[in-house]
Amino acid sequence: LKRKTAAAAGAPRAGALPGAGAVARAAARAARDAAGLDLSPGDAGVARAGLSELPERLPGGALLVLLDGAAPGAGLAALDPALVEALVSAQITGRPPRAGAAPRPVSEVDAALCRGFLAALLDGLEGVALGPGATLADPVRLPYVMAATGLAVIELALDLPPGGAPARLLLALPDAAPGGRAPAHGRPAGWTSRLAAALDAAPVPLGAVLCRRRMALSDLQALRAGDRLVLPADALARVELCGAGGARALTGRLGQVQG
């Protein structure tokens with residue numbers, strides 16, 4: 001009930017964020033409950049940072065998941081490849097990955113399998129009214145999808161079985177300390193109007209397509225300047241305006257207006 005009322009009110013109240021130790025214990029419980037994986041909490045720390053400082057703190061090759069609350073993109077979770085591999089392996093094979101396995105790029109399937117862990121982790125944190133949202137392929141996009149507000153960055157080291165190989169988990173939560181509270185709407189003032197103005201001014205190249213036809217490769221290679229292409233009789237009856245990649249934006253027909 002506390003989490004639901006906090007979500008309706010916007011950002012968490014000042015001082016409501018959990019400590020790093022509580023997050024580490026919640027992460028161990030979530031891994032056990034959601035994936036059957038035993039994790040041992042290691043070093044943990046909390047620091048306050050701005051959105052511009054966040055990319056340099058992220059683990060290399062991490063799975064990035066936006067955390068949604070009263071507004072999307074209120075926070076961020078970053079799971080390093082070792083943690084992702086352990087969570088996925090435990091759910092698919094019932095055991096952790098073999099020690100020394102080479103890391104691999106994170107996939108959409110990995111992201112889907114890690115959502116249960118993140119949901120259980122966030123649900124177990126007192127004063128945090130957030131849930132896993134969209135995944136983010138490139139941290140360069142962070143300034144465009146997250147609110148420009150102060151963040152409490154919680155970094156955890158988690159020991160994975162067997163052998164206790166280290167993994168890293170980072171949570172960036174809206175800073176509830178005095179002076180760091182996010183606006184209730186989750187975006188800085190005027191953000192929507194500035195975004196709309198930028199989008200309205202963006203150039204959009206379009207191409208007019210009269211018709212599409214198939215040709216043998218040999219016929220295509222034989223084309224020379226001055227050759228004629230025979231178009232269907234009804235080619236002028238339907239014209240397509242296409243954007244990038246050939247995606248159709250509008251359809252119409254050629255005609256004449258006022259002479």
Side-chain angles (χ1 to χ4, degrees), residues 17-18 20 23-24 26-28 30-31 34-35 37 39-69 72-92 96-125 128 130-161 164-175:
L17 289 180
V23 176
L37 179 66
L39 297 179
S40 299
D43 296 335
V46 180
R48 287 182 165 80
L51 182 56
S52 62
E53 304 168 67
L54 186 57
E56 64 189 33
R57 292 178 173 271
L58 300 175
L63 167 63
L64 304 178
V65 181
L66 295 173
L67 304 180
D68 297 344
L76 181 75
L79 291 70
D80 81 344
L83 180 56
V84 171
E85 181 67 22
L87 290 168
V88 170
S89 180
Q91 293 178 78
I92 294 178
R98 60 183 177 82
R104 58 180 179 80
V106 174
S107 69
E108 293 183 7
V109 174
D110 296 331
L113 289 173
C114 290
R115 289 184 71 84
F117 162 74
L118 281 176
L121 167 60
L122 296 167
D123 191 57
L125 297 178
V128 176
L130 300 173
T135 57
L136 192 64
D138 191 341
V140 172
R141 294 185 56 211
L142 283 174
Y144 306 102
V145 295
M146 286 185 66
T149 184
L151 297 168
V153 180
I154 304 171
E155 298 183 75
L156 307 177
L158 301 167
D159 292 335
L160 306 174
R168 289 182 62 199
L169 169 66
L170 179 146
L171 292 181
L173 306 177
D175 188 359

Given 3.5 Å as the limit, does a donor-acceptor pair link the side chain of D43 with the main chain of A157, or not? no
Step by step, work out the side chain to side chain contact (heavy atoms under 4.5 Å, CB included) result for L76 and L66. CA-CA 5 Å; L76 181 75; L66 295 173; 4.0 Å; yes
Results of side chain to side chain donor-acceptor pair (under 3.5 Å) for T135 - residues two or more places apart only: none
Looking only at atom types and distance, does a side-chain atom of D159 sit under 3.5 Å from a main-chain N or O of P166, one as donor and one as acceptor? no
Name all pairs fulfilling the side chain to side chain donor-acceptor pair (under 3.5 Å) condition that reach into residues 107-117, sequence neighbours left out, sorted by first residue then second. R104-D110, S107-D110
Minimal heavy-atom distance between A28 and P41, with the atoms involved, is CB-CG, 4.2 Å
Distance check, rounded to the nearest 0.5 Å: L156 atom CG versus I154 atom CD1? 7.0 Å
Tell me, do L83 and C114 make a side-chain contact under 4.5 Å, heavy atoms counted? no
So do the side chains of E85 and L160 get within less than 4.5 Å of each other, counting heavy atoms only? no
Would you say L113 and I92 make side-chain contact, with heavy atoms under 4.5 Å? yes
Any side-chain heavy-atom pair of L58 and L142 under 4.5 Å: yes
Are L169 and L121 close enough that some pair of their side-chain heavy atoms sits under 4.5 Å apart? yes
Is the shortest side-chain heavy-atom distance between F117 and L79 below 4.5 Å? yes
Provide the full list of side chain to side chain donor-acceptor pair (under 3.5 Å) pairs with a residue in residues 49-67, sequence neighbours left out, each pair given once. R57-E155
